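Nothing here was measured: the structure is a model prediction, and the numbers come from that model. Proteins get letters first, then strands, A, B, ... in listed order; numbering begins at 1 in each. Note that these values count all heavy atoms, side chains included, but never hydrogens, waters or copies made by symmetry.
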There are 2 protein chains.
Amino acid sequence: MATDMKQVILDAARPMVQARGYNALSFRDLAAAVGIKSASIHYHFPTKGDLGAALARAYIEDLVAVLDSLPTAPESRSETFRLYTDIFRQPLMRDNRMCLCGILAAEYRDLPLEVQTEVTRFADLNIAWLTQMLPAPADDAARRAKALALFAALEGAQLIARGRGDIASYDEAVEAYRVVGLIP
Amino acid sequence: MATDMKQVILDAARPMVQARGYNALSFRDLAAAVGIKSASIHYHFPTKGDLGAALARAYIEDLVAVLDSLPTAPESRSETFRLYTDIFRQPLMRDNRMCLCGILAAEYRDLPLEVQTEVTRFADLNIAWLTQMLPAPADDAARRAKALALFAALEGAQLIARGRGDIASYDEAVEAYRVVGLIP
DNA sequence: ACCTGAACACCGTTCAAGT
DNA sequence: ACCTGAACACCGTTCAAGT
């Protein structure tokens, strides 16, 4: 069972980026955390951009797995959305971290192109899933707008709650979105 | 009319941080932009934290001025909120930048304490203003929750729209918030 | 009062050298 | 195949030295 160093590096780097961002991630700190030298990180990920893109790709894969596991029946819609809003609640509980792609979105203009691509893909995935899960009534454009609005609102609620170091703020915001009907 | 170098530095630094964040701000780049050496920046702002806090404080002062200039009569509420949502639209139009305190919120855990304080103050100010401007019906707690939810939603809409390099996404999200009644 | 060059310990990156 | 030390140009910061 040869432990894959590539995977070990990714596993160590993810929480670091979720806590402090891509810019603040240090190859030397990361190397120390996994017990090798910083130059060795470059053997597995030639540039910081390669590492960032790999992190985002793995994060997206995990998201897809979670979304695929959610119930799709219209009867369980409110339960499905409760589980969905929990996705953005979890990093806050894990030492006040953020969604990986949420914090990367803030650093967007500073990211290498290959990382930007993945960040956009993460948003697209969420919006596509939400568009398909939102109740039927409205026309397609309005449903997509609502999906975008809800995804943005949840990322924003996480961002603000984190700044306040207070998960209750996230819950309050989510409840308010439910009350007005932004969340079914 | 002795131009105040302190002010010149702040004016040059603000758009840089709004574009790329606090971590990405370089004293050497900033110094070059204002025509002095990086060591001289430290004469005006001893540490990067001092500069960051001063930036946030000036930004907050500007916000207060704008909020004070908005109409308060209940009859002009929808116009007032149109002007308010425009505040978060403007940086997107200025070369796809972000709200200073929005991007700082993402970097929150990496910020010096004195900068964190100002970021929180910015959010508190917005939430307090929104709480007072939102229609009366609900009880105080629900109104405050809705204020927090709306502020978070707008910061989130800005974050996501910026990642997509598409102001129309911001407008779409804001319109969706209006349709569901999150914005009066 | 304001600015500077030089030094410090950091950063990502490169590369020749080791096993 | 994987790791390393040393070097490179960057970073914020300090400080003695200039005007």
Side-chain angles (χ1 to χ4, degrees), chain A residues 1-17 19-56 100 103-104 106-116 118, chain B residues 1-17 19-56 100 103-104 106-116 118:
Chain A
M1 60 153 292
T3 47
D4 183 5
M5 182 53 76
K6 219 158 182 160
Q7 194 57 52
V8 171
I9 293 170
L10 286 173
D11 290 344
R14 185 191 282 193
M16 291 182 176
V17 175
R20 317 203 302 127
Y22 174 83
N23 257 313
L25 176 69
S26 155
F27 268 48
R28 282 169 177 85
D29 287 351
L30 177 57
V34 301
I36 58 177
K37 297 294 168 183
S38 96
S40 307
I41 303 283
H42 291 276
Y43 174 78
H44 300 282
F45 302 96
T47 69
K48 195 174 179 180
D50 292 323
L51 173 58
L55 280 170
L100 183 80
I103 197 162
L104 290 183
E107 298 177 287
Y108 195 81
R109 288 190 45 172
D110 227 39
L111 299 176
L113 204 71
E114 64 268 29
V115 186
Q116 290 185 344
E118 300 305 326
Chain B
M1 59 154 294
T3 49
D4 184 5
M5 182 53 77
K6 218 159 183 161
Q7 193 58 50
V8 171
I9 293 170
L10 288 173
D11 291 344
R14 185 191 282 192
M16 289 181 177
V17 175
R20 317 203 303 126
Y22 174 84
N23 257 314
L25 176 69
S26 155
F27 268 47
R28 283 170 177 85
D29 287 350
L30 177 56
V34 301
I36 58 177
K37 297 294 167 182
S38 96
S40 307
I41 302 283
H42 290 276
Y43 174 78
H44 301 282
F45 302 97
T47 69
K48 195 174 179 179
D50 293 323
L51 175 58
L55 279 171
L100 183 81
I103 198 163
L104 290 182
E107 298 178 287
Y108 195 81
R109 288 188 47 172
D110 225 41
L111 299 177
L113 204 70
E114 64 268 30
V115 186
Q116 290 185 343
E118 301 304 325

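Residues A:Ala12 and A:Leu30 share a closest heavy-atom pair of CB-CD1, 3.8 Å. Contact between B:Ala24 and A:Asn23 at its shortest, heavy atoms only, is CB-ND2, 3.9 Å. Taking every heavy atom of both residues into account, B:Val34 and B:Ile9 meet most closely at CG1-CA, 4.2 Å.
Distance alone, capped at 3.5 Å, places no donor-acceptor pair between the B:Lys48 side chain and the B:Phe27 backbone. With hydrogens and angles ignored, the 3.5 Å screen pairs a side-chain donor or acceptor of B:Asp50 with a backbone N or O of B:Thr47. A donor-acceptor contact shorter than 3.5 Å is absent between the side chain of B:Tyr22 and the backbone of B:Asp110.
Under 4.0 angstrom from either OP1 or OP2 of D:dT4 there lies no side-chain N or O belonging to A:His42. Between C:dC3 and B:Tyr43, no contact under 4.0 Å exists linking OP1 or OP2 to a side-chain N or O.
Residues B:Met5 and B:Val8 are in side-chain contact: their nearest non-hydrogen atoms beyond the backbone lie under 4.5 Å apart. Under the 4.5 Å side-chain criterion, counting only non-hydrogen atoms from C-beta, A:Leu104 is not in contact with A:Leu55.
Within a heavy-atom distance below 4.0 Å of DNA chain C, the residues of residues 31-40 of chain A found are A:Ser38, A:Ala39.
Pairs of Watson-Crick or G-U wobble type, with distances under 3.5 Å, assemble into runs of 3 or more in DNA chain C at these ranges: C:4-8 with D:12-16, C:12-16 with D:4-8.
Here the P atom of nucleotide D:dA9 and the CZ atom of B:Arg28 are 13 Å apart, to the nearest Å.
Residue A:Leu25 is in sugar-phosphate contact alone, with no base atom involved, counting any heavy-atom pair closer than 4.0 Å across all strands shown.
Taking every side-chain heavy atom of B:Met5 into account, C:dC3 is the closest of C:dC3, D:dC3, D:dG12.
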